[in-house]
Each structure stands twice: as structure tokens, then as C-alpha cells.
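Below is one structure, written out as C-alpha cells; the observations come after it.
Start at 1 and go down the list; that is how both ligands and their atoms are numbered. What's counted below: heavy atoms across the whole structure, side chains too, no hydrogens, waters or symmetry copies.
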Amino acid sequence: MPKEIVLTIKSKYFNKFKSGYPLLFKEAIVNLNDLKEEGTLLMLIDEQKRFIGKGYYGKQNKGYGWILTRKEHEEIDYEFFERKIKEAIRHRKSFFADSETNAFRILNGEGDGVGGFTVDYFDGYLLLNWYSEGIYQFKNLIVELFQNLVDYKGIYEKKRFDLKGQYIDDDDFLTGERAQFPIIVKENGVHFAVYLNDGAMVGVFLDQRNVRKSIRDYHADGKTVLNTFSYTGAFSVFAALGGAAKTTSVDLANRSFNKTVEQFSLNGVDYEAHDIRVMDVFNYFNYAVRNNLKFGMVILDPPSFARSKKHRFSVAKDYKDLIKEAISITEDNGLIIASTNFAGIDMKKFKSFVDKAFSEMGGKYKIIEEHSLPNDFKTIKEFPEGDYLKVLFISKIKG
Ligand code: SAH
């Protein structure tokens, strides 16, 4: 185990941390200069020497580390990690037993009691995502525990922390059997091609599983569907399988064309019966308006921040306008599916964008379905930022 130091927390934050907030931040720390090596274990006390908890130092965005326990007698050792990982696996029991789905999250950082890393399962292959150099110091122990506790074929990793400019394009493979890519996984009976050795994005975002299922099972039948920021076309595939009359997938990235063809083909859908456009979504909206195109369903799932040649987009500033664009090309009684994974706004704020967009367009709407993270993306109420996904199914009412 890495060495331990005492970290003093300003007393005004005592209650915040004591009542469960897990992420350490700069303003709360008195002896910041004592933080030297990431991965150092921390014994946290306040200025009056009251015990707060134990954790580790690791820089992750604006965070300085995570609190792991508030019990004075609990040690952060091998057994500690073993307990947390066992508990996490137990929480996903129904996923391990599901014959229709074999891609899911096994451990979701602070939601499972250990902030700083996540573990995903892709038909027997594990993907460990490390979000700081601090948690990376515990890598050997964590990998060993997963080897012991999960029936796996192979283990891959992604270092998602800043390697100080020295990007090492190393092999993401860690141990076990090397996979033949793509790994073909299943989600509610639908196939996806997954690549664990090809950059940060692996081909599918597991957190949208329930949204995809709902689109297929309840909403797509007979509709023309526009899927914006479509990436590998996961929403389009589910819509097509749910009986959509036609889907149009729009994404700026060149890779998206082949990846979308691949996902359609894996599921026996003729991709030539669908439209796949490699272009800027904002240009597509202009094109659709000029040509009087209307859709029965418009899906919006932009990145939190995006920049293309002509456009700059941020969820906080521009989502309302994005919804307005969608309203103008959605049929009466059609559906707009608005999604964001931006942690900087909550559901209430997100709904206010919808409300403003409709009132500025002079239209009526009804929210008929809401989604947040699925069960395998476990969250804790003390850390609402971790509950980042917000999805609204908005019915555009003729009025
Ligand atoms: N909806 C997808 C995930 C979207 S990821 C899914 O369910 O799998 C975000 C995508 O937005 C990326 O593929 C990126 O290439 C694309 N993107 C970013 N800015 C864009 C723009 N201005 N126009 C079109 N696509 C854009």
C-alpha cells in the first residue's frame, strides 16, 4: 500500500464530507503542499482535529482525490478493495445472469464506494478505465482482485488521465486472452461491435441501454427517425429493429459511416434502406429546413462541448437552440428525444431548456418519458454530479 499522510480539511467543510460527499477539492484543503505523490493514502481531519475519513490523493478534473471510508477503524488495504469489488459484482448479479445482455458496467467509481475508476464487461472481456494517476497506483491489486472474482477471458485498460503531454500510444491489453476485434456483444438481443484497442470510445455507450430499448419497444414503429450526433448509429439500429420506416444518422466523424454500416449489418438490417450522413448536424438542420423535411422522431445526443469548422456548441449555452432546431423539423405529434451527459446541469435546468425552446417557438409539448443512468451505473445521492445522464422523451403537440 502507498504511504499515508494526514490531510487537514477546513472545518467549514466538516459536515459536507462527514455526511457523505466523496470528492476532495482544492478549496477545502489546508495543507495542500503536503500532497506530493498521487496515490498517497490520506487520513482526513479538520482544523479541530476531528476525524473525517480516509481516502487517497488523485487529480481528476477539478478533484484532488476521493474519500473511501468514514470509519476510523477501517483500513484501506487489500481486503477493503476486495469488499468493495465483491459488493459491486453482487449488485450486477441480474446482469451476469441475463442471456440477452452481456455488456454492462461492473463497477462505477464513487457509486460503488471507490472513486477514480470504472470497470465495464463486454462478453467476458473487462475494460478498466483509470481516471487519475492516483488510482493507477492501486492497479496491480485491483487487477488481481478482478482476476480472482470474475470469470473473464481478457482484461484491457484505458488511462484517462493526463500523461503530462507524453502521450504513450501503448497497447491497452493487460492480461488473459487477447480479444479478436470486434467483440460482438449483445444488448437486449441486439448486437454491437466493440473495439477495446481503438481510442477512448469503444463503439457503444452502455449508459443509454434503457433509452435504446424504449425506442425500439414503444416509440419507433412506423416513424421516420433522425438520429443526430449518431456515432456508431446505436439509436438508429434500435429504431430500425423497432419498425421505423426509415432512419437518418448524422455525424461529423468520418469513421461513423463504416461503423454505422457495421452495426446495421450485424443485426440483419439493410443499411442501404437507411440514410447515413457524414456531416455537421447544424448544416443538416439547414438542409432539412430548406427541403421541408419533417421527421416523426428526432434524437439529440450531443457531446457536452463540440467544435466544428463553423460551429461551436456547449450544452449549457446552446442546448435550447438545438431543441428549437429539432422542433422545426419534427412532425406534429412527433417525438423529440433530448439527451445530455453533461454533469454541469441538472434535470430541472435541462427541462427549463425544453420549456424555453417551445415557448420561443410558440409550440406545445408534453414530456412522456424520462431516463437517468441505468442500475449498473450505480450512483450515490451524496454525489449528484455522478448522476450525469438526463434523457427526455418530448411529444410535440399539435396546437
Ligand atoms: N449518440 C451516440 C453518441 C454520441 S457521441 C450514441 O448513442 O452512441 C458524440 C458524437 O457527436 C461523436 O461521434 C462526434 O463525432 C459527433 N459530433 C460532434 N460534433 C458534431 C457536429 N457538429 N455534427 C455532427 N456530429 C458531431
- What do you reckon, is OH of Tyr218 surrounded by more than 12 foreign heavy atoms closer than 6.0 Å? no
- Any Ser256 heavy atom less than 4.0 Å from ligand 1: no
- Query: Which class fits the ring pair Phe146 and Phe117: parallel under 30°, tilted 30 to 60°, perpendicular over 60°?
  - Reply: perpendicular
- Would you check whether Asp280 has a nitrogen or oxygen atom less than 3.5 angstrom from a nitrogen or oxygen atom of ligand 1? yes
- For ligand 1, which atoms have a heavy atom of Phe235 less than 4.0 angstrom away? 1 (N), 7 (O)
- atom 23 (N) of ligand 1: closest protein heavy atom, distance to 0.1 Å, is Val281 N, 2.9 Å
- Message: Going by salt bridge (Lys or Arg N to Asp or Glu O under 4.0 Å), Asp172 matches just one of Arg160, Lys158, Arg178. Which one?
- Response: Lys158
- Task: Report the C-alpha separation of Ser132 and Lys59 in whole Å, then their side-chain angles, then the decisive distance to 0.1 Å, and conclude whether the side chain to side chain contact (heavy atoms under 4.5 Å, CB included) test is met.
- Result: CA-CA 6 Å; Ser132 75; Lys59 280 192 166 174; 5.6 Å; no
- Just checking, any donor-acceptor pair under 3.5 angstrom between side chains of Thr69 and Glu74? yes
- Note on the structure: Check: of Val250, Thr232, Val237, Asp301, min heavy-atom distance to atom 3 (C) of ligand 1 comes from Asp301
- Backbone, side chain, both or neither: what part of Arg255 comes under 4.0 angstrom of ligand 1, heavy atoms only? side chain
- Task: Go through the steps to decide whether Glu262 and Tyr271 satisfy the test side-chain hydrogen bond (donor to acceptor under 3.5 Å, both in side chains), and finish with yes or no.
- Result: CA-CA 9 Å; Glu262 180 178 39; Tyr271 69 88; over 6 Å; no
- Considering the heavy atoms of Pro303, write down every atom of ligand 1 situated less than 4.0 Å from one of them. 9 (C), 11 (O), 18 (C)
- How about Phe383 and Trp66: are their ring centroids closer than 6.0 Å? yes
- Query: Which of the numbered atoms in ligand 1 are below 4.0 angstrom from a heavy atom of Met279?
  - Reply: 23 (N), 24 (C)
- Item | Pairwise distance CZ(Phe51) to CD(Glu72) - rounded to 0.5 angstrom | 5.0 Å
- Query: Looking only at heavy atoms, is any part of Tyr231 under 4.0 Å from ligand 1, and if so is it the side chain, the backbone, or both, or is it neither?
  - Reply: both
- Geometric N/O contact Phe205 with ligand 1, under 3.5 angstrom: no
- Query: Who's the nearest protein heavy-atom neighbour of atom 25 (N) of ligand 1, and how far?
  - Reply: Leu252 N, 3.1 Å
- Message: At less than 4.0 angstrom from any non-hydrogen atom of Ala306, what atoms of ligand 1 do you find?
- Response: 19 (N)
- Query: Can you find an N or O of Asp251 that's nearer than 3.5 Å to an N or O of ligand 1?
  - Reply: yes
- Query: Got the closest protein heavy atom to atom 26 (C) of ligand 1, with its distance?
  - Reply: Phe229 CD2, 3.5 Å
- Below 6.0 angstrom between ring centroids: does that apply to Phe96 and Phe104? yes
